[in-house]
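Before we start, here is the structure in question, set down as structure tokens.
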Amino acid sequence: MTDFQDPKDHLFALVQTALSQVAPDLTDVSFVVERPKQAAHGDYACNVAMQLTRVLRRNPRELAQAVVAALPESSLVVKTEIAGAGFINFFLTPAARYQVVRQVQQMGERFGRCEYGARKKVQVEFVSANPTGPLHVGHGRGAAYGASLAAVLDFAGYKVQKEYYVNDAGRQMDILAVSTWLRYLSLFGIDVPFPKNGYQGDYVREMAKQVKDAHGDRYVHQPWTVLEGVPAADEDAEGHLDGLIANAKKLLGDDWHYIHNFALNEQLGDGRNDLAEFGVHFDNWYSERSLFDSGLVERAIDQLEVNGHLYMQDGAKWFRSTRFGDEKDRVVQRENGLYTYFASDIAYHQNKFERGFHKVINVWGADHHGYIPRVKGALTALNFDPEKLDIALVQFANLIRDGKQVSMSTRSGEFVTLRELRGEVGNDAARFFYVLRKSEQHLDFDLDLAKSQSNDNPVYYIQYAHARICRVLEEWTGVASDFAEARLELLGNEHEAAILRRLCDFSVTIENAAREYAPHVVAFYLKDLAADFHSYYNAERFLVDDVELSLARLALIDAVRQTMVNGLRLLGVSAPDKM
RNA sequence: CUGCCCGUAGCUCAACCGGAUAGAGCAACGGCCUUCUAAGCCGUAGGUUACAGGUUCGAUUCCUGUCGGGCAGGCCA
């Protein structure tokens, strides 16, 4: 069985060998072998001569001559030429060009996998939305990006763990619980004015109704007790809310935990289902509360204390993050003795690092960027290498309806949920739209455009190519095993050459996507591959009288089909047989 | 005020850790279905890569500055 080697890697090795002869003393010359933009410049080009020029101060074309002269013989290379400023252009044999089809045939759904990640453990933490209401379209982008990124990293040879950090310990959860309780009270005609900064959504009323159905009037208390000692809402809105929470805890006792946990589990379960339907799955759900229960928060803060990075001021305990480049120091324990969110986050990241990942990747909304220095600072203070933490910032998705931006706030209840979006445009379009641009680019999600099932939607373009291939193969009377006999040397026209090149670039694309944390390059690759195919489809017929030629072409488009399946799977998009 | 991200065709975006003549889609114009799916293809037109410097053999890419847009800067999460 032939062992396939990527021509690019092969050429790289050839050049390295030649380089060791031309400049034996130079060990760290960086150069690349890559696809030239123009086919006339060969199958691959190498810039090694220009790189050498920098060090040796010699004419690049002369250096290129020397490198070419020192190149070992290769059965894959037909000829080399020196062009432009000193590029070495390689022209491959037909066999070298079409071997990729054999590779696809043998690898099947594993085609495109590479060893770039060397089985190193990485963690991707994403979404991690507060379980205080339905996921909205902003979360959707993080979900689609994180899931695709994780899939790409896995395909590139990493061992990937996908994690969701559950913020189940904070004030936001208390607000949700008290909101649910107030709606519950109103079901009994007990009218406590609902605070503006409570959770307004209908799902809160839903939960209230469920509590009533299950437990009747068990949690009913009179309005004056609910409001006792609570600051007026119009004077101190936050204090008002905190007062309501305090009274709820006092009046309900242990029952408070029931309502709190009920609301938490309802929302968490809802989010989990929503994400699962979206094709987004997690390996681990990590509870913030467990950090407190197990003493990890205390331990992390103690460790910082021992390492001499904390001090007291105004009754609060501060972390001296300015020592690590943060713009100001941060409170980890408040005057009232409660730990801040930052404190549990320190413990969480300490725990992540202790789990032994080569890389820890956090997918965050871009509005959290100011948070990076303090987290990295805390890791440094705990004697970890902050370089192991990568933050992938994802810009928010603006929602556009009727040409106007829709405001999105969970509390206002006016958001469009991820579930609604999926229902309107479908999972495939949603997943694809979300990753179609670089994560750090703003995304205007035009609902009207996405909803209109027009041909503007690029996902159809790719799926259509796949469906067309399936249709052709359906018409064909042979079986897949026949492809092994295909005479691929018959593939010679420019469309076929373009597709062979494209197929060969798939693994490089995966590598780039993994290195840059950029699943969008896979999306663009698939668009290009689909374009190559559609063009071919219109120029040639596959089911022709010449049986040999027909078989070769079918083998080629079957390889395209497989590559599309593999690529679409990374993006969480289906590959339908017919449309 | 300070920090981070962004600025590429009329619009929405690409451009492989710096490479040769910066590419697609939409919109505009002109063609292609008696054939394996026209949700497709072919062609025309569209650019001082915001601006000014710098580094380099070579800059959309790296650095500095200016302008413009977005987002952050809590003992909230």
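Just so it is clear, the structure is predicted and the values come from calculations on it, not from any experiment. Order of the sequence lines sets the chain letters (A, B, ...), proteins ahead of strands, with each chain counted from 1. Computation of the quantities below employed the complete heavy-atom set of this structure, encompassing side-chain atoms and omitting hydrogens, waters and symmetry-equivalent molecules.
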Results of salt bridge (charged side-chain N to carboxylate O under 4.0 Å, His left out) for A:Asp329 - residues two or more places apart only: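 Partners of A:Asp329 by the salt bridge (charged side-chain N to carboxylate O under 4.0 Å, His left out) criterion come out as none, since no residue qualifies.
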Dot-bracket notation for RNA chain B, counting Watson-Crick and G-U pairs under 3.5 Å, with | for partners on another strand: (((((((..((((.....[...)))).(((((.......))))).....(((((..]....))))))))))))....
To the nearest angstrom, how far is A:Phe324 atom CZ from B:G3 atom C1'?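 In whole Å, B:G3 C1' and A:Phe324 CZ are 19 Å from each other.
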Grab the N/O contacts between the protein and nucleotides 74-77 of chain B below 3.5 Å, and write none if there aren't any.
| residue | atom | partner | partner atom | Å |
| --- | --- | --- | --- | --- |
| B:C75 | O2 | A:Glu335 | N | 3.1 |
| B:C75 | N4 | A:Asp314 | O | 2.9 |
| B:C76 | OP2 | A:Arg334 | NH1 | 3.3 |
| B:A77 | OP1 | A:Arg334 | NH1 | 3.3 |
| B:A77 | OP2 | A:Tyr341 | N | 3.2 |
| B:A77 | O2' | A:Asn130 | OD1 | 3.4 |
| B:A77 | O2' | A:Asn130 | ND2 | 2.9 |

Each nucleotide N or O in nucleotides 16-23 of chain B that has a protein N or O under 3.5 Å away: list the pair and distance.
| residue | atom | partner | partner atom | Å |
| --- | --- | --- | --- | --- |
| B:C16 | O2' | A:Asn512 | OD1 | 2.9 |
| B:C16 | O2' | A:Asn512 | ND2 | 2.8 |
| B:C16 | N4 | A:Arg35 | O | 3.0 |
| B:G19 | N7 | A:Asn47 | ND2 | 2.9 |
| B:G19 | O6 | A:Gln51 | NE2 | 2.7 |
| B:A20 | OP2 | A:Lys37 | NZ | 3.1 |
| B:A20 | N6 | A:Asn89 | OD1 | 2.7 |
| B:A20 | N1 | A:Asn89 | OD1 | 3.3 |
| B:A20 | N1 | A:Asn89 | ND2 | 3.2 |
| B:U21 | O2 | A:Gln38 | NE2 | 3.3 |
| B:U21 | N3 | A:Gln38 | NE2 | 3.1 |

Can we say A:Arg502 and A:Asp505 salt-bridge, meaning some charged N sits less than 4.0 Å from an Asp/Glu carboxylate O?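 No, no charged N to carboxylate O under 4.0 Å.
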Acceptor/donor pairs from residues 515-523 of chain A side chains to any protein atom, 3.5 angstrom cut, sequence neighbours excluded:
| residue | atom | partner | partner atom | Å |
| --- | --- | --- | --- | --- |
| A:Arg515 | NH1 | A:Asn512 | OD1 | 3.3 |
| A:Arg515 | NH2 | A:Asn512 | OD1 | 3.0 |
| A:Tyr517 | OH | A:Asp390 | OD2 | 2.7 |

Within the structure provided, determine whether A:Leu473 and A:Phe542 are in side-chain contact (heavy-atom separation under 4.5 Å).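 Result no, sub-4.5 Å side-chain heavy-atom pair not found.
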Between A:Lys8 and A:Glu511, does any NZ, NE, NH1 or NH2 come within less than 4.0 Å of an OD or OE carboxylate oxygen?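 No, this pair does not count.
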Looking for any heavy atom pair under 4.0 Å, which part of the strands does A:Lys317 touch: base, sugar-phosphate only, or nothing?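 Result for A:Lys317 = nothing.
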All N/O contacts under 3.5 Å from nucleotides 42-50 of chain B to the protein, with atom names and distances to one decimal?
| residue | atom | partner | partner atom | Å |
| --- | --- | --- | --- | --- |
| B:C42 | OP1 | A:Ser535 | OG | 2.9 |

Whole Å only: how far is the CZ atom of A:Arg553 from the P atom of B:U35?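 After rounding, the reported distance stands at 19 Å.
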Under 4.0 Å: is that the gap between some side-chain N or O of A:Arg61 and OP1 or OP2 of B:C57?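 A:Arg61 to B:C57 OP1/OP2: no side-chain N or O under 4.0 Å.
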